[in-house]
Amino acid sequence: LLLLVSACGFHLQGRTPLPAALPVSYVQAVDRQSDFVQDLRKELLSSGAQLTTRSEDATAVVRVLTDNFQRRVLSVSATDRPAEYEITYTVRFSVSFGGKEVLPAQELSTVRDYTFDETILLAKENEEAILREALARDLADVVMRRLTNL
């Protein structure tokens with residue numbers, strides 16, 4: 001059974017091993033408090049990287065060039081009010097080791113939609129916030145998988 005499970009590429013979720021060039025990392029971003037940047041920092045820490053506050057001290061610099069969240073109306077009701085929204089979280093990032101760019105700028109985007117009802121406005125605003133956090137977490141996971149393949 002173990003041979004079959006290991007042969008298919010299955011592995012338990014947990015720490016992702018990082019390349020040797022990422023032991024001391026610096027995350028450079030315009031908005032250091034965005035959901036994506038915070039999730040990326042958590043992922044780096046849980047994978048064993050040490051984060052620094054100065055880019056000069058880092059062996060690797062992850063530059064978050066774009067960190068954008070958008071919402072648009074997907075459909076409207078018969079009374080011409082929004083009935084469904086689509087939210088899109090887009091990030092653009094690059095990675096450099098010792099001043100040499102090893103991962104050129106890449107753009108990642110993820111999209112979700114949700115229904116809207118203004119009679120339960122607070123609940124729908126909370127749902128959008130939860131979806132936004134989930135999208136940011138998904139994008140941080142994708143970035144970490146790309147970092148582990150460097």
Side-chain angles (χ1 to χ4, degrees), residues 1-75 82-117 122-150:
L1 180 62
L2 287 175
L3 182 62
L4 288 174
V5 170
S6 65
C8 74
F10 174 81
H11 64 344
L12 293 174
Q13 188 174 4
R15 276 181 60 156
T16 308
L18 291 174
L22 282 167
V24 180
S25 301
Y26 175 73
V27 178
Q28 179 182 355
V30 174
D31 182 6
R32 298 181 60 94
Q33 299 302 317
S34 76
D35 293 328
F36 170 74
V37 172
Q38 291 299 314
D39 285 334
L40 182 61
R41 292 173 59 83
K42 287 177 194 171
E43 290 279 339
L44 284 166
L45 286 171
S46 70
S47 294
Q50 180 183 13
L51 296 178
T52 181
T53 56
R54 294 173 17 121
S55 62
E56 300 83 25
D57 299 337
T59 57
V61 176
V62 179
R63 288 181 182 81
V64 180
L65 308 168
T66 305
D67 186 348
N68 190 16
F69 177 80
Q70 293 179 336
R71 177 177 75 162
R72 74 178 185 102
V73 176
L74 267 183
S75 63
E84 190 175 19
Y85 282 103
E86 176 184 79
I87 55 175
T88 305
Y89 207 125
T90 305
V91 296
R92 191 164 182 251
F93 71 99
S94 67
V95 180
S96 60
F97 294 161
K100 180 184 175 197
E101 190 172 61
V102 293
L103 190 61
Q106 297 185 2
E107 185 171 290
L108 301 173
S109 184
T110 185
V111 179
R112 296 238 177 109
D113 59 79
Y114 68 98
T115 58
F116 183 76
D117 184 359
L122 289 176
K124 288 301 177 175
E125 287 177 353
N126 189 37
E127 180 181 2
E128 182 179 306
I130 290 169
L131 286 173
R132 178 185 207 156
E133 291 170 6
L135 293 175
R137 194 170 31 256
D138 290 348
L139 289 172
D141 287 342
V142 172
V143 170
M144 286 303 294
R145 282 194 297 275
R146 299 232 173 133
L147 290 177
T148 58
N149 292 327
L150 291 178

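Here, residue 1 is the first one in the sequence, and each next residue gets the next number. The shown structure was predicted, so the numbers you read here are calculated from the model rather than taken from an experiment.
Not a single salt bridge (charged side-chain N to carboxylate O under 4.0 Å, His left out) links Asp67 to another residue, sequence neighbours left out. For Asp113, the salt bridge (charged side-chain N to carboxylate O under 4.0 Å, His left out) test picks out no residue, with sequence neighbours left out. The side chain to side chain contact (heavy atoms under 4.5 Å, CB included) check on Arg132 picks up Asp35, Phe69, Tyr89, with sequence neighbours excluded. Every side chain to side chain contact (heavy atoms under 4.5 Å, CB included) that Arg71 has, sequence neighbours left out, goes to Tyr85, Ile87, Tyr114, Glu128. The side chain to side chain donor-acceptor pair (under 3.5 Å) check on Arg32 picks up nothing, with sequence neighbours excluded. Applying the side chain to side chain donor-acceptor pair (under 3.5 Å) criterion to Asp31, with sequence neighbours excluded, gives no partner residue. Under the side chain to side chain donor-acceptor pair (under 3.5 Å) criterion, Gln106 pairs with Arg146, not counting sequence neighbours. Listed by chain and number, the residues in a side chain to side chain donor-acceptor pair (under 3.5 Å) with Ser109 are Thr90 (sequence neighbours excluded). Remark: Gln70 engages Asn68 in a side chain to side chain contact (heavy atoms under 4.5 Å, CB included) (not counting sequence neighbours). Shown here are the salt bridge (charged side-chain N to carboxylate O under 4.0 Å, His left out) partners of Glu86, two or more places apart in sequence or in another chain: Arg72. Applying the side chain to side chain contact (heavy atoms under 4.5 Å, CB included) criterion to Ala29, with sequence neighbours excluded, gives Val37, Val64.
Rounding to the nearest 0.5 angstrom, the gap separating the CD atom in Glu127 from the NZ atom in Lys124 is 4.0 Å. The CG atom of Leu147 sits 7.0 Å away from atom CG of Leu103, with the distance rounded to the nearest 0.5 Å. With values rounded to the nearest 0.5 angstrom, Gln50 atom CD is found 7.0 Å from Thr52 atom OG1. Going from atom OG1 of Thr148 over to atom CE of Met144 covers 7.0 Å, rounded to the nearest 0.5 Å. The line from CD of Glu43 to CD of Gln38 is 12.5 Å long, rounded to the nearest 0.5 Å. Distance OG/Ser96 to CD/Gln28: 8.5 Å, rounded to 0.5 Å.
Distance alone, capped at 3.5 Å, places no donor-acceptor pair between the Ser47 side chain and the Leu44 backbone. At least one donor-acceptor pair closer than 3.5 Å links the side chain of Thr59 to the backbone N or O of Val24. Not one N or O on the side chain of Asp57 forms a donor-acceptor pair closer than 3.5 Å with the backbone of Thr53.
Under the 4.5 Å side-chain criterion, counting only non-hydrogen atoms from C-beta, Val91 is not in contact with Glu107. Here the side chains of Leu122 and Glu125 are in contact, with some heavy-atom distance below 4.5 Å.
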*Can you list the steps and then say if Arg112 with Leu135 is a side-chain contact (heavy atoms from CB on, under 4.5 Å)?*
CA-CA 8 Å; Arg112 296 238 177 109; Leu135 293 175; 3.4 Å; yes
*asked:* Show, in sequence, the C-alpha distance, side-chain angles and deciding distance for Val142 and Arg145, and conclude whether the side-chain contact (heavy atoms from CB on, under 4.5 Å) test is met.
replied: CA-CA 5 Å; Val142 172; Arg145 282 194 297 275; 3.3 Å; yes
*Could you please spell out the steps behind the side-chain contact (heavy atoms from CB on, under 4.5 Å) verdict for Val61 and Ser25?*
CA-CA 6 Å; Val61 176; Ser25 301; over 6 Å; no
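Among the candidates Leu108, Leu139, Leu40, the single residue satisfying the side-chain contact (heavy atoms from CB on, under 4.5 Å) test with Phe93 is Leu108.
Pro82 approaches Phe116 most closely through the heavy-atom pair O-CD2, 3.5 Å. The minimum heavy-atom distance between Val73 and Ser75, with the atom names listed, is CG1-O, 3.5 Å. Scanning both residues, Arg41 and Val27, for their nearest heavy atoms gives CG-CG2, 4.1 Å.
Sorted pairs that involve residues 91-104 and meet salt bridge (charged side-chain N to carboxylate O under 4.0 Å, His left out), not counting sequence neighbours, are lacking altogether.
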